[in-house]
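Computed from a prediction, not measured in an experiment: that's the story for all the values here. Here is how names work: the chains are called A, B, and so on, in the same order as the sequence lines, proteins then strands, and each is numbered from 1. Both backbone and side-chain heavy atoms feed into the values below; hydrogens, waters and symmetry mates do not.
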Amino acid sequence: MRLRIELLGVTKVASFNINGVKARLPRLLEWLEETRPAVACLQEIKSQDEGFPIAEFEKLGYKGIWHGQKGFNGVAILADGEMPEEVQRGLDGEPEDDHSRYLEANVFGLRVVCIYLPNGNPVPGPKFDYKLRWMKRLRDRMAAIRAEEVPAIVTGDFNVIPTDRDVWSPQAMASDALMQPESRDAYFRLLGDGWTDAIATHNPAGGVWTYWDYQAGAWQRDHGFRIDHALLSPELADRLAACGVDKAHRGREKASDHAPVWVELRD
DNA sequence: ATGTCGAGGGATCCTCGA
């Protein structure tokens with residue numbers, strides 16, 4: 001019998017852009033066993049629904065829901081010993097949008113939203129326009145969740161570098177969609193609506209990265225930035241006990257280009 | 001200036017997306 005996390009008085013919710021669930025499976029299973037989050041939100045599973053290896057997670061005691069598609073994108077929510085109750089998949093407002101980037105569920109008394117926000121490069125262009133429209137649609141949905149006054153967390157790969165303190169070199173990234181003023185404005189509008197950026201709150205000086213490119217020796221040089229976030233509703237913000245980045249997992253063999261982020265919420 | 005992955009289609013490489 002595993003030590004139940006409830007005994008510790010906290011619920012750990014983690015997010016991990018895994019960059020391919022099949023390619024990453026050994027690393028992902030090892031991360032779940034070592035860090036044992038109550039809830040794990042996954043992005044970029046890059047798998048169709050029928051190819052998602054749920055049986056491997058069930059062996060570790062996790063249950064889950066997922067929203068995949070062929071080739072790229074795809075999100076999932078796993079929970080330790082409890083089946084997430086799905087609330088919504090996909091965002092309203094653009095019926096022709098067939099990207100699998102949004103999954104929302106109730107689990108462990110929390111509303112958990114797992115997102116993979118569009119990258120938006122190159123700028124300008126249709127992909128950047130899509131990113132900004134998607135952020136508007138996300139804001140609308142998050143406002144509706146706020147109105148429900150439930151303890152809620154929106155976590156995942158936001159593909160937004162919030163401030164210059166969140167990137168190793170603002171100059172090197174200046175033309176990137178991740179830190180355009182429009183991207184940042186849309187992100188800070190979410191915070192202005194009452195959501196708390198957990199990692200930023202606990203690390204006001206910045207310098208925390210969640211992503212290091214595979215190219216140009218970015219990991220070895222610590223050329224990273226912070227784009228994976230956990231946003232807490234007012235009902236949850238006061239319950240934030242700790243948060244962090246599992247940075248060491250980025251340095252392992254066959255690692256994702258992202259490191260997991262996590263929060264611990266007092267019960 | 002450049003440096004890498006993962007998936008998919010169709011082929012022992014190319015394209016796309018990041």
Side-chain angles (χ1 to χ4, degrees), chain A residues 15-31 41-54 56 66-76 90 94 96-102 114-135 138 155-162 166-169 171-180 182-184 186-187 209-229 245-261:
Chain A
S15 170
F16 195 177
N17 180 320
I18 54 174
N19 190 17
V21 70
K22 288 183 271 289
R24 207 69 56 220
L25 194 56
R27 287 288 88 86
L28 180 54
L29 295 173
E30 141 189 309
W31 170 73
C41 295
L42 308 178
Q43 304 88 37
E44 281 206 90
I45 63 175
K46 294 187 176 180
S47 165
Q48 298 186 81
D49 282 339
E50 53 270 33
F52 188 75
I54 186 62
E56 299 295 323
W66 57 95
H67 187 199
Q69 74 179 93
K70 186 188 283 188
F72 64 117
N73 301 328
V75 286
E94 202 163 319
E96 63 277 20
D97 180 6
D98 58 359
H99 287 201
S100 298
R101 299 180 175 276
Y102 183 96
C114 174
I115 71 162
Y116 176 48
L117 204 148
N119 174 293
N121 281 302
V123 180
K127 291 183 178 177
F128 189 59
D129 297 340
Y130 171 61
K131 175 183 194 140
L132 297 180
R133 290 199 309 276
W134 203 93
M135 293 186 81
L138 175 66
T155 190
D157 179 357
F158 282 68
N159 268 317
V160 175
I161 298 168
D166 300 306
V167 56
W168 99 95
S169 169
Q171 292 73 26
M173 294 291 291
S175 63
D176 198 286
L178 308 192
M179 52 176 278
Q180 291 311 296
E182 298 96 323
S183 308
R184 287 178 163 177
Y187 184 77
W209 318 145
T210 67
Y211 172 92
W212 296 257
D213 202 284
Y214 287 125
Q215 300 188 67
W219 169 250
Q220 290 77 10
R221 298 167 186 224
D222 200 29
H223 287 182
F225 42 81
R226 187 172 72 95
I227 52 176
D228 300 272
H229 307 309
V245 178
D246 292 328
K247 182 175 177 179
H249 287 256
R250 175 62 182 82
R252 296 193 180 183
E253 194 80 15
K254 292 276 286 178
S256 170
D257 41 5
H258 294 250
V261 302

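B:dG10 and B:dC16 are spaced 15 Å apart, taking the C1' atom of each and rounding to whole Å. Here the separation of B:dA1 from B:dC13, taken at their P atoms, is 31 Å to the nearest Å. If you take atom P in B:dG6 and the same atom in B:dT2, they sit 23 Å apart, rounded to whole Å.
Atom CG of A:D213 and atom C1' of B:dC5 are 9 Å apart (whole Å). What separates OH of A:Y116 from P of B:dA18 is a distance of 5 Å, to the nearest Å. The distance from atom CG of A:D157 to atom P of B:dA18 is 10 Å, rounded to the nearest whole Å. Atom CG of A:N119 and atom C1' of B:dC5 are 14 Å apart (whole Å). Atom NE2 in A:H223 sits about 16 Å away from atom P in B:dG3, given to the nearest Å. A straight line from CG of A:L178 to P of B:dG17 spans 17 Å, rounded to a whole angstrom. Rounded to whole Å, atom C1' of B:dA1 lies 13 Å from atom CD of A:Q215. Put simply, CD1 on A:I18 is 15 Å from C1' on B:dA18, counting in whole angstrom units.
The shortest distance between the side-chain N/O atoms of A:K127 and the OP1/OP2 oxygens of B:dG17 is below 4.0 Å. The phosphate of B:dC5 has neither OP1 nor OP2 within less than 4.0 Å of any side-chain N or O from A:K46. Dashed line: the shortest gap from a side-chain N or O of A:R101 to OP1 or OP2 of B:dA18 is under 4.0 Å. OP1 or OP2 of B:dG9 has at least one side-chain nitrogen or oxygen of A:K70 nearer than 4.0 Å.
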Could you give me the CA-CA distance, side-chain angles and deciding distance for A:H99 and A:Y130, then say whether ring pair (Phe, Tyr, Trp, His ring centres under 6.0 Å) is met? CA-CA 11 Å; A:H99 287 201; A:Y130 171 61; 5.2 Å; yes
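A side-chain donor from one of A:N19 and A:Y214 sits under 3.5 Å from a side-chain acceptor of the other.
Comment: A:K247 engages A:D222 in a salt bridge, judged by a side-chain N to carboxylate O separation of less than 4.0 angstrom.
Remark on DNA chain B: of its neighbouring residues A:N121 and A:G71, the 5'-side contact belongs to A:G71, judged by nearest-heavy-atom nucleotide. A residue-by-residue look at A:E44 and A:R24 shows that A:R24 has its nearest nucleotide of DNA chain B further toward the 5' end.
Between A:H67 and A:Y102, the ring center distance fails the sub-6.0 Å criterion.
Here B:dG6 is the nucleotide among B:dG3, B:dA18, B:dG6 with the atom lying nearest to any side-chain atom of A:K254. Of the candidate nucleotides B:dG3, B:dG6, B:dG17, B:dG6 has the atom lying nearest to any side-chain atom of A:A23.
The shortest non-hydrogen separation linking A:Y187 to A:M135 is N-CE, 3.7 Å.
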